[in-house]
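In the text below, chain A, chain B and the rest are named by the order of the sequence lines, each starting its count at 1. This one's a predicted model, so the numbers in the text were calculated from it and none came from an experiment.
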Number of protein chains: 2
Amino acid sequence: MNGFLGTYSVSLDDKGRINVPAKFKGLLEQDIPQLVMCVMDGFLIVFPQREWGANEERLSHLNPSEKEDRNKLREFYARATECEIKSGKILIPAAQREAAGLKNEVMIVGMSKTFELWAPDRWEKESG
Amino acid sequence: MNGFLGTYSVSLDDKGRINVPAKFKGLLEQDIPQLVMCVMDGFLIVFPQREWGANEERLSHLNPSEKEDRNKLREFYARATECEIKSGKILIPAAQREAAGLKNEVMIVGMSKTFELWAPDRWEKESG
DNA sequence: AGGATTATGTCGCAAAGTGTCGAAAAGTGT
DNA sequence: ACACTTTTCGACACTTTGCGACATAATCCT
């Protein structure tokens, strides 16, 4: 497997869940069902448990008494949420849906080790 | 074998698959059946597994927490898709067919380590 | 506790992906 | 040119996946 690749359009069900594309399932289920979902600049990043660990490692070099670094840390931790894959679906909490402007349709965008969730209109703008 | 050479015209079947030219099969089947197909500027580029690895290597120095770099990474990962040769055929997912404007006929263009897929009219313009 | 809101599981249909086979077409050797 | 082999192609049946809908379960609030 080559990590999370590709762009998928999936629908949010009436309860705010998405179906994980089959190609991602393989990657996730070998792993642990836990995920960390993190609000970025208008979209969401999803870290499989393992990658979140690696990310924390990276963040651990930042110095919490430096204002710059502190902001960066806050960016990650403050708006992150733990999720799980259940019955092949991920529930996106209301706050995160809100933050990313997700309505009925969600673009799932592979980024190798992680993947992102975008509202279609924002994705459109981003990807040209 | 000397890598992927030559230009072939093949047809898309009713489900969007192409038959891999016999001359390419040797090269691919010795190898691993996995491929990565990536949308470029109006056409598709197909990386055998091994070559994709080399490409990732090239991307690995980018820092996913830098916005600039992140965009660059996204350009590759988001537009890529994992495929396989199955029964001598490659399924080109609907999104990729769309992106490359593929209809009934596809030009397969050898590029040594990789090969490309073009809609005939676009290829005409490019090579003409 | 009761009712509302949020979360989770399951099922069936429609759409997308896959395997196979035989006929047509292209390529090969004599 | 002819027979023979290989490759390509279309068709069909089958399998898997995505998605909406509904039912059930958990949680929160007053």
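Between B/Thr81 and B/Pro93, the closest heavy-atom pair is CG2-CG, 3.9 Å. Taking both residues in full, the closest heavy atoms of A/Ile85 and A/Leu35 are given as CG1-CD1, 4.0 Å, listed atom of the first, atom of the second, then distance.
To the nearest angstrom, P of C/dG17 lies 11 Å from CE of B/Met37. Taking atom CZ of A/Phe24 as the reference point, atom P of D/dT17 lies 15 Å away to the nearest angstrom. A/Ile18 has its CD1 atom 15 Å from the C1' atom of C/dT8, to the nearest Å. Rounded to an integer number of Å, the gap from CD of B/Glu82 to P of C/dG17 is 15 Å. One can place CG of B/Leu91 at 18 Å from P of D/dT15, the figure rounded to the nearest angstrom.
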List, with names and distances, any nitrogen or oxygen atoms from the protein found under 3.5 Å away from nitrogen or oxygen atoms belonging to nucleotides 5-8 of chain D.
{"residue": "D/dT8", "atom": "OP1", "partner": "B/Ala22", "partner atom": "N", "Å": "3.3"}
{"residue": "D/dT8", "atom": "OP2", "partner": "B/Val20", "partner atom": "O", "Å": "3.4"}
{"residue": "D/dT8", "atom": "OP2", "partner": "B/Ala22", "partner atom": "N", "Å": "3.4"}

Using a cut-off of under 3.5 Å, enumerate the N/O to N/O pairs linking the protein to nucleotides 22-29 of chain D.
{"residue": "D/dA23", "atom": "N6", "partner": "A/Lys15", "partner atom": "NZ", "Å": "3.2"}

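The cationic atom of B/Arg74 (NZ for Lys, CZ for Arg) lies less than 6.0 Å from the six-membered ring centre of A/Phe43 and within 45° of the ring axis.
Annotation: of the two residues near DNA chain C, A/Lys89 and A/Pro93, the 5′-most nearest-nucleotide partner is A/Pro93.
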Checklist outcome for this item: Per-residue pairing states of DNA chain D in dot-bracket (Watson-Crick or G-U under 3.5 Å; . unpaired, | other strand) read ||||||||||||||||||||||||||||||
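In terms of modelled atom types and a separation under 3.5 Å, the side chain of B/Glu105 and the main chain of B/Pro120 share no donor-acceptor contact.
B/Cys83 pairs with exactly one of B/Val36, B/Ile90, B/Ile92 by the side-chain contact (heavy atoms from CB on, under 4.5 Å) rule, that one being B/Ile90.
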Checklist entry - Between B/Tyr77 and B/Glu56, is a side chain to side chain contact (heavy atoms under 4.5 Å, CB included) present by the stated rule, with each step listed? => result CA-CA 10 Å; B/Tyr77 289 125; B/Glu56 284 212 292; 2.8 Å; yes
